[in-house]
2 protein chains.
Amino acid sequence: MERLLRRIDDEIVSTGGKRSRSRAHIMGIFFRSGRHLTVEELTRKARVKNRNIGAATVYRTLKLLARMGYAKELDFGEGAKRYESSLTAHHDHLVCTSCGNVAEFEEPRIEKLQEKVARQHGFSPTMHRLAIYGQCRGCAPSGEKEKTG
Amino acid sequence: MERLLRRIDDEIVSTGGKRSRSRAHIMGIFFRSGRHLTVEELTRKARVKNRNIGAATVYRTLKLLARMGYAKELDFGEGAKRYESSLTAHHDHLVCTSCGNVAEFEEPRIEKLQEKVARQHGFSPTMHRLAIYGQCRGCAPSGEKEKTG
DNA sequence: CCCCAAAATGACTATGATATTCATTTTCAT
DNA sequence: ATGAAAATGAATATCATAGTCATTTTGGGG
């Protein structure tokens, strides 16, 4: 993790950038914290330790990470984008429309079929977005369990 | 088609609404026109026949149709949402990142796998969004054809 | 350690899509 | 025709995000 942060900073420096305390702090929280953060959520977390951090810097840091390939932009249609570390293996998302929780899954057969169907349409796929919406175990109305938190 | 528009109007009336010339015009264009329209595109089309139609009414009409189940909101990450008639069979989308064209496809095996994978995660799926991004036949760099328009 | 130019920051403003407000117009049952 | 409710359109508000700019931070060379 420290290694990762150092690597990113080195990469920035090697392309003419400079290190920055604020940015390091933001990146640390981003990579350490749970996935799928909103800019607003990340800003709030970052301000706990450093009251001065502005939202602009969080936007800039996240855009930078996305450009460098270390973060992915997610859009679940909530109005605001979410970001996740792109260092984990590729996966798609299960979004609970009740509690907002986001789970991840990976299904190679779906990936294969997507590739296939795209080619059948004369399409050269470069990327996809798949999100399944519904209710998680805790929120399903017919389920026997109750949400606890 | 006339039948559809009348049915929708009747449904609106039966829930306490009133008929409206502007809305009828907007709906007519929406259902007749090609799919995947932006609010701005639909407003432009609607204003050709009636210069007074305001964007607010187009937003309201589309939201209404979506609420009633006759339209679907699409978000391909372009900044503005797109809308399509929800009367056609379920399908997913192929979005060309070069020319912006949107094609549709249906792959029951993908649907099945989504259902399955969701259940494996204790999830009750109600809906999904799948968009494959890439380049269409005409825009693929390695392809032999050139874009003509 | 100091200097300074480039980069980064944060507050503020701009932007663009969408939602809301409100005065006016339209609809429609009476 | 009449009036109340609904719909409209222009203007304004809102919200996420991007851009501006004066100030601060960074880091290499003296």
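These values consider heavy atoms only, across backbone and side chains, with no hydrogens, waters or symmetry-generated copies. Throughout, a chain's letter reflects where its sequence line sits, starting with A, and its residues are numbered from 1.
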(message) Whether A:Lys63 contacts D:dA18 is assessed here as follows: a side-chain N or O lying under 4.0 Å from the phosphate OP1 or OP2. Is that the case?
(response) yes
(request) Establish, with yes or no, whether the OP1 or OP2 oxygen of C:dT18 is under 4.0 angstrom from a side-chain nitrogen or oxygen of B:Tyr59. (result) yes
d([atom1], [X]; [atom2], [N]) in whole Å:
{"X": "A:Leu64", "N": "C:dA8", "atom1": "CG", "atom2": "P", "answer": "8 Å"}
{"X": "A:Lys81", "N": "D:dC15", "atom1": "NZ", "atom2": "C1'", "answer": "13 Å"}
{"X": "B:Asp75", "N": "C:dT18", "atom1": "CG", "atom2": "P", "answer": "9 Å"}
{"X": "B:His25", "N": "C:dT26", "atom1": "NE2", "atom2": "P", "answer": "16 Å"}
{"X": "B:Asn52", "N": "D:dA11", "atom1": "CG", "atom2": "P", "answer": "13 Å"}
{"X": "A:Ile53", "N": "C:dC12", "atom1": "CD1", "atom2": "C1'", "answer": "18 Å"}
{"X": "B:Glu73", "N": "C:dT18", "atom1": "CD", "atom2": "C1'", "answer": "10 Å"}
{"X": "A:Leu37", "N": "D:dA16", "atom1": "CG", "atom2": "P", "answer": "15 Å"}

(message) Quick check: on DNA chain D, is the nucleotide nearest B:Arg47 upstream (toward 5') of the one nearest A:Ala80, or the reverse? Name the residue that is more 5'.
(response) B:Arg47
(request) With DNA chain D as reference, determine whether B:Gly17 or A:Arg82 sits nearer its 5' end, using the nearest nucleotide of each. (result) B:Gly17
(request) Mark up nucleotides 20-30 of chain D, 5' to 3', with B wherever a protein heavy atom is under 4.0 angstrom from a base atom, S wherever such an atom reaches only the sugar-phosphate, and - elsewhere. (result) B-----BS---
(request) Please tell me which of B:Val39 and A:Ala55 maps to the more 5' nucleotide of DNA chain C, matching each residue to the nucleotide holding its nearest heavy atom. (result) A:Ala55
(request) Take B:Gly79 and A:Val58, find for each the nucleotide of DNA chain C with the closest heavy atom, and name the residue whose nucleotide sits nearer the 5' end. (result) A:Val58
(request) With sequence neighbours excluded, tell me which residues meet side-chain hydrogen bond (donor to acceptor under 3.5 Å, both in side chains) with B:Arg119. (result) B:Glu115
(request) Tell me, please, which residues at least two apart from B:Arg6 pass side-chain hydrogen bond (donor to acceptor under 3.5 Å, both in side chains). (result) none
(message) Whether the side chain of B:Ser85 engages the backbone of B:Ala71 through a donor-acceptor N/O pair (distance < 3.5 Å, no angle test) should be reported.
(response) no
(message) Tell me which pairs pass side-chain hydrogen bond (donor to acceptor under 3.5 Å, both in side chains) where either residue lies in residues 13-28 of chain A, with sequence neighbours left out.
(response) A:Asp10-A:Arg19
(request) Could you name each residue pair satisfying side-chain hydrogen bond (donor to acceptor under 3.5 Å, both in side chains) that touches residues 42-53 of chain B, not counting sequence neighbours? (result) B:Glu40-B:Arg44
(request) For A:Phe76, check ring-ring contact (aromatic ring centres under 6.0 Å, His included) against everything at least two apart and list the hits. (result) A:His93
(message) Would you compute the distance between atom CE of B:Met27 and atom CG of B:Leu64 and round it to the nearest 0.5 angstrom?
(response) 8.0 Å
